[in-house]
Number of protein chains: 2
Amino acid sequence: MDLKHRKKLAAMHRIQEAALDLFEEQGFDAVAIEAVAAAAEVSPRTVYRYFGTKEMLVIWDEADEFPVSPLAAEFAVADPIGMLRGTFRAAFAAMDEAQLRLIRRRVALIYRTPAIEAAYLLHSYEKSRAIAAAVGPASGDAFGTEVFVHAFVGAVVGAMRHWCHSGFATPPFTFVDQALTLLEHGFGKRAAP
Amino acid sequence: MDLKHRKKLAAMHRIQEAALDLFEEQGFDAVAIEAVAAAAEVSPRTVYRYFGTKEMLVIWDEADEFPVSPLAAEFAVADPIGMLRGTFRAAFAAMDEAQLRLIRRRVALIYRTPAIEAAYLLHSYEKSRAIAAAVGPASGDAFGTEVFVHAFVGAVVGAMRHWCHSGFATPPFTFVDQALTLLEHGFGKRAAP
DNA sequence: CTGCCTTGTGGCAGTGACTGCCTATACTTG
DNA sequence: CAAGTATAGGCAGTCACTGCCACAAGGCAG
């Protein structure tokens, strides 16, 4: 990787770190981009060039940069839930404590701040639709694929939200796993307790 | 209802109508609130007082003003999907052509404009969570309720989006109905075609 | 009908997110 | 090491959105 690219990534991490510190301390709305830029020792213009919007300072995740594994396609048609479960399990298992801590900080800010949550929801749907567009045509059911992808994003967002509001007590995969199981079996009639 | 309230509602309809006209003609981003206010013959300050944000000019729906039917609670535990299907069927059936036309205009703008879509997603989730909070405790499964509500919103948003991109050819309930059926039976393994 | 009172409306000034444009600087390549 | 090229910084401008205050319009006694 280029020296330029490495410097840019390092700067993005420094800027995001500074932003999270300030947002946690003073609240998202009370912090101006100028303050973030000053704390990270870059110009405000650079913050916008790198992140585009203020919300992206929280939403941005380096892992999102990598393209979806082409392997996904072959699993997608027959057993989409199983494929997604495996992907999430692997992703969470590969994280060290530092990465997990970063995710917790970001998730807490996302669900505490409506403006960030809105941007995050759109971001999630757009990413998922991109995956669906790459994988979907093989299924031959555009409508079903679209509804599935949207329901899936909704379920995962709900799971992450619950993880956040439960104080991050249990590992995140627990919640995602349970949410996927619910999605797998459907929400038909349930016996009254 | 008060004269003041009737005047306010009339003004809101006039403002929304003017806004939709301008947004369709010039694009959401190219239209300033000032232009909407001028077209509707009110002050910009009043537009903000009524709608809060620019996106709400498109998202706002008079039907949202009414509180959720208390009847919902008794159906919710045993057969949530059936209850929701019935609610949607009744809601769409009660609409005349003018209301349907208004919804089509709003939906088209929502899915054509990322900023509006983001606000709309958050709005939908917040409304649904409010319903879940009113209905959920009876179910005894907070996590399941939360995941269900999120997946449900996702599925409906996906259905409406598909309705929009299919050119509004078929009645909207068709899509919602199919999406609910998918959600009901789950997204488990499907036979490859 | 009329004058008071409450509530809602309009205008003003200010903050801050975001963008286009130009210059300066740091990396890259021959 | 010099020429070329991508990229950071600075500047000025637009526009969404907000608090504040003066004013006008419904609502309500008398």
Side-chain angles (χ1 to χ4, degrees), chain A residues 1-16 18-20 22-23 25-60 65 109-110 113-120 122-123, chain B residues 1-16 18-20 22-23 25-60 65 109-110 113-120 122-123:
Chain A
M1 192 186 277
D2 235 351
L3 169 62
K4 281 194 173 179
H5 288 174
R6 267 182 287 132
K7 284 189 77 165
K8 172 173 174 176
L9 264 183
M12 287 184 80
H13 282 127
R14 202 173 63 243
I15 296 168
Q16 187 178 53
L20 293 180
L22 290 169
F23 293 162
E25 190 184 321
Q26 306 171 27
F28 183 75
D29 294 329
V31 177
I33 293 279
E34 203 177 332
V36 175
E41 294 179 307
V42 290
S43 76
R45 197 67 187 78
T46 298
V47 175
Y48 283 114
R49 245 194 274 275
Y50 284 177
F51 291 95
T53 67
K54 191 180 177 185
E55 287 78 25
M56 271 297 163
L57 284 167
V58 180
I59 293 169
W60 179 73
E65 307 275 301
L109 277 166
I110 287 171
T113 317
I116 312 181
E117 190 180 356
Y120 177 68
L122 182 64
H123 180 75
Chain B
M1 193 186 276
D2 236 350
L3 170 62
K4 281 195 173 181
H5 288 175
R6 266 182 288 130
K7 283 191 78 166
K8 174 173 172 174
L9 264 184
M12 287 183 80
H13 282 126
R14 201 174 62 243
I15 295 168
Q16 188 178 53
L20 294 180
L22 289 170
F23 293 162
E25 190 185 320
Q26 306 171 27
F28 182 75
D29 294 330
V31 177
I33 293 279
E34 203 177 330
V36 175
E41 293 179 307
V42 290
S43 76
R45 196 70 189 77
T46 298
V47 175
Y48 284 114
R49 246 193 276 274
Y50 284 176
F51 292 94
T53 67
K54 191 180 176 186
E55 288 78 26
M56 272 295 161
L57 284 166
V58 180
I59 293 170
W60 179 74
E65 306 275 299
L109 276 167
I110 288 170
T113 317
I116 312 181
E117 190 179 357
Y120 177 68
L122 182 65
H123 179 74

For A:Phe28 and D:dC17, what is the distance between atoms CZ and P respectively, to the nearest whole Å?
-> 14 Å
Main-chain N/O of A:Phe28 paired to A:Lys54 side chain as donor or acceptor, under 3.5 Å | yes
Separation of A:Glu34 atom CD from D:dA12 atom C1', in whole Å?
-> 15 Å
Distance in angstrom units between B:Asp29 CG and C:dT19 C1', rounded | 12 Å
Could you please name the option among C:dC27, C:dT9, D:dA16 that lies closest to any side-chain atom of B:Ile33?
-> D:dA16
So what does A:Val31 hit on the nucleic acid, given a heavy-atom distance under 4.0 Å: a base, only sugar-phosphate, or nothing?
-> sugar-phosphate
Distance, rounded to the nearest Å, where A:Leu3 contributes CG and D:dT7 contributes C1' | 12 Å
Considering residues, nucleotides and ligands other than A:Gln26, do more than 12 of their heavy atoms fall under 6.0 Å from its CD?
-> yes
Distance in angstrom units between B:Asp2 CG and D:dA25 P, rounded | 17 Å
Do A:Tyr48 and A:Thr53 touch side chain to side chain, with heavy atoms closer than 4.5 Å?
-> no
Of all heavy-atom pairs linking A:Ile110 and A:Val58, the shortest is CG1-CG1, 3.9 Å
Where do B:Val36 and B:Val42 land on the side-chain contact (heavy atoms from CB on, under 4.5 Å) test, with the steps shown first?
-> CA-CA 9 Å; B:Val36 175; B:Val42 290; over 6 Å; no
Whole-Å distance, A:Glu55 CD to C:dG16 C1', equals 13 Å
d(NZ, B:Lys8; C1', D:dA25) in whole Å = 16 Å
Only stems of 3 or more consecutive Watson-Crick or G-U pairs count here, both distances under 3.5 Å; name the ones for DNA chain D, or none.
-> C:1-4 with D:27-30, C:6-30 with D:1-25
Taking the side chain of A:Lys7 as its heavy atoms from C-beta onward, which of D:dG26, C:dA26, D:dA16 lies nearest to it?
-> C:dA26
Any side-chain N or O of B:Tyr50 less than 4.0 Å from the OP1 or OP2 oxygen of C:dT9?
-> yes
Distance test, side-chain N/O of A:Lys4 to OP1/OP2 of D:dT7, below 4.0 Å | no
Look at the aromatic rings of B:Trp60 and B:His13 and report parallel, tilted or perpendicular, splitting at 30° and 60°.
-> tilted
Rounded to the nearest angstrom, tell me the gap between atom CE in A:Met56 and atom P in C:dA17.
-> 16 Å
Selection from C:dG16, D:dA25, D:dA16 that lies nearest to any side-chain heavy atom of A:Ala32 | C:dG16
Which one, C:dC21, C:dA17, D:dA16, comes nearest to the side chain of A:Arg45?
-> C:dC21
Heavy atoms, side chains only, cut-off 4.5 Å: are A:Glu55 and A:Tyr120 in contact?
-> no
